[in-house]
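One structure is given below, encoded as C-alpha cells.
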Amino acid sequence: MAFENPDREQIKEILEKAGNIAVVGLSDKSDRTSYMVAAAMQQKGYRIIPVNPAVQGEILGEKVYASLSDIPEPVDIVNVFRRSEHTPEVAREAVQIGAKVLWLQQGIVSEEAGNIAAEGGLTAIMDRCIKVEDSILLGKR
C-alpha cells in the first residue's frame with residue numbers, strides 16, 4: 001500500500017499536542033532552511049532540540065545533541081532535514097527513543113523510513129514543511 005500523509009485535521013492535532021521537536025540536521029548557519037524553519041517554530045512556542053553530530057555547543061540557544069538517543073527528555077516530533085537515504089536510520093532511532101511522530105521535511109520521501117516509523121507506532125509525515133503546516137493549520141499564535 002502506498003504511503004499517505006495524515007489528513008490536515010490529524011496534522012493539526014499533532015501540532016497542537018507537540019511540545020518538544022528534535023530537529024535532525026539542524027544547521028548552525030542562519031541562512032539555511034533548517035535554521036529558519038526551526039527558529040520560526042521556536043518563536044511559535046515549540047521547544048527545539050537540535051540534533052547534529054557536526055556541531056558542538058548550542059543552536060538557537062539550545063544544547064546540540066549528536067544523536068536522538070543522546071536527548072535526555074521525551075520527544076514529540078522528530079523533524080528531519082537529511083537526504084532521503086539517511087532517513088531509515090533516523091526512523092529507527094525515533095522509534096527507539098519513543099517519539100510520537102517522524103516528520104520528513106519538504107522534498108524528503110522514504111517509504112522505508114515511513115514503514116519503520118509505522119511499525120514502531122509512530123505517525124509518519126513526508127514531503128511537508130512543518131512551518132508551513134503550522135502556519136496554515138494554527139495561524140498566528
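- Minimum heavy-atom separation, Ala18 to Ile77: CB-CD1, 3.6 Å.
- Ser84 approaches Gly107 most closely through the heavy-atom pair OG-O, 4.4 Å.
- Using a 4.5 Å cut-off between side-chain heavy atoms of Ile, Leu, Val, Met, Phe, Trp and Tyr, with links allowed through other members, Val132 and Leu138 fall into the same hydrophobic cluster.
- More than 12 heavy atoms of other residues, nucleotides or ligands shown are found within 6.0 angstrom of CD on Glu85.
- For the pair Arg128/Asn5, a side-chain contact is recorded, criterion being any heavy-atom separation below 4.5 Å from C-beta on.
- Separation of atoms OG (Ser67) and CG (Asn52) is listed at 11.5 Å; rounding is to 0.5 Å.
- In this structure, OH in Tyr35 is found 9.0 Å from OG in Ser27, a value given to the nearest 0.5 Å.
- Two residues are said to be in side-chain contact when any heavy atoms from C-beta on lie closer than 4.5 Å; Asp76 and Lys17 fail this criterion.
- The shortest heavy-atom contact between Ile48 and Ala38 is CG1-O, 3.5 Å.
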List the steps, then state whether side chain to side chain contact (heavy atoms under 4.5 Å, CB included) holds for Val90 with Leu102. CA-CA 9 Å; Val90 175; Leu102 177 71; 4.2 Å; yes
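- A single hydrophobic cluster is not seen to contain both Met36 and Leu60; linkage of ILVMFWY side chains at heavy-atom distances under 4.5 Å, directly or through other members, places them apart.
- Contact check for Thr87 versus Ile108: side-chain heavy atoms found under the 4.5 Å cut-off.
- Scanning all heavy atoms of the two residues, the minimum distance from Met126 to Gly114 falls at CE-CA, 3.5 Å.
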Determine, stepwise, if the pair Glu93 / Ser69 fulfils side chain to side chain contact (heavy atoms under 4.5 Å, CB included). CA-CA 7 Å; Glu93 257 197 290; Ser69 58; 3.5 Å; yes
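- Between the side chain of Asn79 and the backbone N or O of Val23, no donor-acceptor pair lies under 3.5 Å.
- Note: Lys100 NZ to Thr123 OG1 = 10.5 Å, rounded to the nearest 0.5 Å.
- Counting heavy-atom neighbours within 6.0 Å of Arg83 CZ, excluding the residue itself, gives a total of 12 or less.
- The shortest non-hydrogen separation linking Ser34 to Gly25 is OG-O, 3.6 Å.
- Here NZ of Lys131 is found 10.0 Å from CD1 of Ile136. Values are rounded to the nearest 0.5 Å.
- A salt bridge links Asp134 to Lys44: at least one charged side-chain nitrogen sits closer than 4.0 Å to a carboxylate oxygen.
- Of the residues listed (Ile71, Ile59, Asp70, Val75), the one engaging Val51 in a side chain to side chain contact (heavy atoms under 4.5 Å, CB included) is Ile71, and it is the only one.
- For the pair Met41/Ile21, a side-chain contact is recorded, criterion being any heavy-atom separation below 4.5 Å from C-beta on.
- Taken to the nearest 0.5 Å, the CG atom of Leu104 stands 9.5 Å off from the CD1 atom of Ile125.
- Using a 4.0 Å cut-off between charged side-chain N and carboxylate O, Glu89 and Arg82 make no salt bridge.
- Between Arg47 and Glu62 there is a salt bridge, since a side-chain N of the basic residue sits under 4.0 Å from a carboxylate O of the acidic one.
- Counting non-hydrogen atoms of neighbouring residues, nucleotides and ligands closer than 6.0 angstrom, the CZ atom of Arg32 reaches no more than 12 such neighbours.
- Residues Tyr46 and Asn20 have side chains that never bring a donor and an acceptor to within less than 3.5 angstrom of each other.
- Here the side chain of Glu119 pairs no donor or acceptor atom with the backbone of Ile116 at under 3.5 angstrom.
- By the 4.5 Å heavy-atom criterion applied to side chains, Leu15 and Trp103 are counted as neighbours.
- Considering CZ of Phe81 and CG of Leu26, their distance stands at 7.5 Å, rounded to 0.5 Å.
- A donor-acceptor pair is defined here as one N or O able to donate and one able to accept, closer than 3.5 Å; no such pair exists between the side chain of Glu133 and the backbone of Ile11.
- The two atoms that bring Ala94 and Leu68 nearest to each other are N-CD1, 3.8 Å, heavy atoms only.
- Counting heavy atoms from C-beta outward, Ile49 and Glu73 have side chains that approach closer than 4.5 Å.
- The side-chain heavy atoms of Val78 and Val101, taken from C-beta on, include no pair separated by under 4.5 Å.
- Using a 4.5 Å heavy-atom cutoff, the side chains of Cys129 and Gln105 are in contact.
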